[in-house]
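Notes to accompany the following structure.
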Amino acid sequence: SSLISYNLEKLSCLRKACGVQFISSDSFDVIIEENGGKATWGTPEAKEPFVKKFIKVHELVAEPKATSKLIEDIKIDIEEFMALKIAESFALAEDEAFLHGSGIEMPMGILNTPAGKTPGFIEEVKGAFNADAIFNLIDKLDSFYHANTAFLMNKETETEIKKLKDGSGRHLWQNRSNEVANNTILGIPVFVSNFMPNIESKERSIIFGNFQKGYKIVEKMGNYVMRDPFTERPFIKFYTSKKVGGDVIDGNALKAFRLA
């Protein structure tokens with residue numbers, strides 16, 4: 001179980017960007033306040049409007065298979081081998097759902113969150129794709145959220161941004177300085193997911209903001225793993241389940257670019 005979690009944290013793009021809140025129950029309850037919960041001096045004159053959101057966890061199942069020969073090979077650490085396969089399966093399903101999920105028996109995806117300018121929505125910045133579009137996207141984000149910001153896009157969009165230059169002829173793109181660091185745009189880290197749309201689709205092709213404040217991933221502690229040598233003989237099936245949820249908790253922390 002710990003090996004699965006360890007590999008999953010390394011493989012999931014959205015987990016790296018957003019972080020994970022572990023819980024012991026089946027939902028994470030959060031209060032969303034219009035003013036961000038800002039403190040007041042003296043006695044508050046009126047109650048601030050708020051929305052209570054329940055982020056439920058949903059069951060996610062992986063069933064990788066192995067042969068008896070593989071399991072019996074003394075040179076292979078079967079626990080480590082299968083943990084990686086399970087984590088890869090979970091990472092693909094999770095990252096897709098954290099972006100495209102409907103919220104029905106799965107997380108609510110960032111790309112399916114309605115457009116708007118209040119905490120439960122995500123503001124869209126529409127226009128031509130050029131360097132000014134990137135600057136406008138950054139400028140739309142309130143300075144309160146500017147710490148720990150990042151970009152999210154797919155590989156094709158990343159390639160196009162590498163060609164963009166500012167008014168002084170300098171590339172916006174900067175290659176990472178070491179194996180641990182991310183590539184950056186104007187010094188801001190970039191996360192790449194194959195589940196993000198292309199620019200030409202006229203969907204939300206770039207998400208910018210403080211993902212840790214904007215989107216909450218929740219996971220109920222523990223994975224359930226059962227070895228099944230019977231239902232698909234001669235293979236041994238490793239039935240593995242976990243419970244995960246996700247939803248936007250402060251849309252003001254995220255901005256989306258859409259080609260006009």
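Fair warning: this is a prediction, and the values are worked out from it, not measured in the lab.
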Treating Ser168 as the side-chain partner and Arg170 as the backbone partner, does any N or O pair qualify as donor plus acceptor under 3.5 Å?
no

If you define the side chain from C-beta out and look only at heavy atoms, does anything of Phe98 sit under 4.5 Å from Phe195?
no

Do Leu99 and Phe191 sit in the same hydrophobic cluster, where Ile, Leu, Val, Met, Phe, Trp and Tyr count as joined when their side-chain heavy atoms come under 4.5 Å apart?
yes

Side-chain contact, heavy-atom cut-off 4.5 Å: Lys140 with Glu123?
yes

Donor-acceptor list for residues 86-97 side chains, cut-off 3.5 Å, not counting sequence neighbours:
residue	atom	partner	partner atom	Å
Glu94	OE1	Arg15	NE	2.7
Glu94	OE1	Arg15	NH2	3.3
Glu94	OE2	Arg15	NH2	3.0
Glu94	OE2	Lys242	NZ	3.3
Asp95	OD1	Ser12	OG	2.7
Asp95	OD1	Leu14	N	3.4
Asp95	OD2	Cys13	N	2.9

Cluster question for you: counting only ILVMFWY and a side-chain heavy-atom cut-off of under 4.5 Å, with indirect links fine, are Phe54 and Phe22 together?
no

Apply side chain to side chain contact (heavy atoms under 4.5 Å, CB included) to the pair Leu141 and His146, showing each step before the final yes or no.
CA-CA 7 Å; Leu141 188 70; His146 269 226; 3.7 Å; yes

Are side-chain heavy atoms of Val20 and Glu9 found at a separation under 4.5 Å?
yes

What's the verdict on side chain to side chain contact (heavy atoms under 4.5 Å, CB included) for Phe208 and Ile134, showing C-alpha distance, side-chain angles and the deciding distance?
CA-CA 9 Å; Phe208 167 73; Ile134 303 301; over 6 Å; no

Test of understanding: with salt bridge (Lys or Arg N to Asp or Glu O under 4.0 Å), list the residues that count as partners of Lys220, not counting sequence neighbours.
Asp26

At their closest point, which heavy atom of Ser27 faces which heavy atom of Asp29, and how far apart are they?
OG-OD1, 3.3 Å

Tell me who clusters with Ile236, hydrophobic residues only, linked when side chains sit under 4.5 Å apart either directly or through other members.
Leu70, Ile71, Ile76, Ile78, Phe81, Met82, Phe238

With a 4.0 Å cut-off, would you call Glu124 and Arg204 a salt bridge?
yes

Between Val57 and Val218, what is the shortest heavy-atom contact and its length?
CG1-CG2, 3.8 Å

Test of understanding: with ring-ring contact (aromatic ring centres under 6.0 Å, His included), list the residues that count as partners of Phe257, not counting sequence neighbours.
none

Quick one: pull up CG in Leu137 and NZ in Lys255 and give me the separation to the nearest 0.5 Å.
9.0 Å

Hey, quick one: are Val61 and Leu11 part of the same hydrophobic cluster, counting side-chain heavy atoms closer than 4.5 Å, chains of contacts allowed?
no

Quick one: do Asp247 and Lys53 make a salt bridge, cutoff under 4.0 Å?
yes

Exceeds 12 heavy-atom contacts within 6.0 angstrom, atom OH of Tyr239
yes

Test side chain to side chain contact (heavy atoms under 4.5 Å, CB included) on Phe121 and Leu254 and set out the steps.
CA-CA 9 Å; Phe121 299 81; Leu254 301 171; over 6 Å; no

Under a 4.5 Å cut-off applied to non-hydrogen side-chain atoms, are Ile138 and Ile188 in contact?
yes

Between Asn130 and Asp132, is there a donor-acceptor pair closer than 3.5 Å when you use the side chain of the first and the backbone of the second?
yes

Check: Gly187 main-chain N/O paired with Gln174 side-chain donor or acceptor under 3.5 Å
yes

How many angstroms lie between CZ in Arg233 and CZ in Phe235, if you round to the nearest 0.5 Å?
12.5 Å

Are the side chains of Met106 and Val244 in contact, using a 4.5 Å heavy-atom criterion?
no

Whether over 12 other heavy atoms sit under 6.0 Å from Glu203 CD
yes

Could you tell me the separation between the OG atom of Ser241 and the CG atom of Asn223, rounded to the nearest 0.5 Å?
7.5 Å

More than 12 heavy atoms from other groups under 6.0 Å of CD1 on Ile31
yes

About how many Å separate CD1 of Ile185 and CG of Leu172, when rounded to the nearest 0.5 Å?
7.5 Å

More than 12 heavy atoms of other groups within 6.0 Å of Asp142 CG:
yes

Which heavy-atom pair separates Ile207 from Ala256 by the least distance, and what is that distance?
CD1-CB, 3.6 Å

How about Tyr145 and Asp250: does a side-chain donor come under 3.5 Å of a side-chain acceptor?
yes

Does the pair Phe129 and Ile206 meet the rule for a side chain to side chain contact (heavy atoms under 4.5 Å, CB included), with working shown?
CA-CA 11 Å; Phe129 177 72; Ile206 303 172; 4.1 Å; yes

Are Phe211 and Met108 in one and the same hydrophobic cluster, where Ile, Leu, Val, Met, Phe, Trp and Tyr link if side-chain heavy atoms are under 4.5 Å apart?
no

Determine all donor-acceptor pairs shorter than 3.5 Å in which one atom belongs to a side chain in residues 157-164; sequence neighbours excluded.
residue	atom	partner	partner atom	Å
Thr157	OG1	Asn154	OD1	3.0
Glu158	OE1	Lys155	NZ	2.9
Thr159	OG1	Lys155	O	3.0
Glu160	OE2	Lys163	NZ	3.3

Gap separating the CZ atom of Phe151 from the CG atom of Asn183, nearest 0.5 angstrom:
13.0 Å

Assigning hydrophobic clusters by single linkage (Ile, Leu, Val, Met, Phe, Trp, Tyr; side-chain heavy-atom cutoff under 4.5 Å), is Val248 placed with Met196?
yes

Residue pair His58 / Lys243, side-chain heavy-atom distance below 4.5 Å:
no

Are side-chain heavy atoms of Gln21 and Glu219 found at a separation under 4.5 Å?
no

Name all residues meeting the side-chain contact (heavy atoms from CB on, under 4.5 Å) criterion together with Val225; count only those two or more places apart in sequence or in a different chain, and write none if there are none.
Ile4, Thr240

Would you give the length of the straight line joining atom CG of Asp166 to atom CG of Leu186, rounded to the nearest 0.5 angstrom?
7.5 Å

Examine the side chains of Asp228 and Thr231 and answer whether a donor and an acceptor come within less than 3.5 Å of each other.
yes

Side chains of Ser193 and Leu152: does their closest heavy-atom pair fall under 4.5 Å?
yes

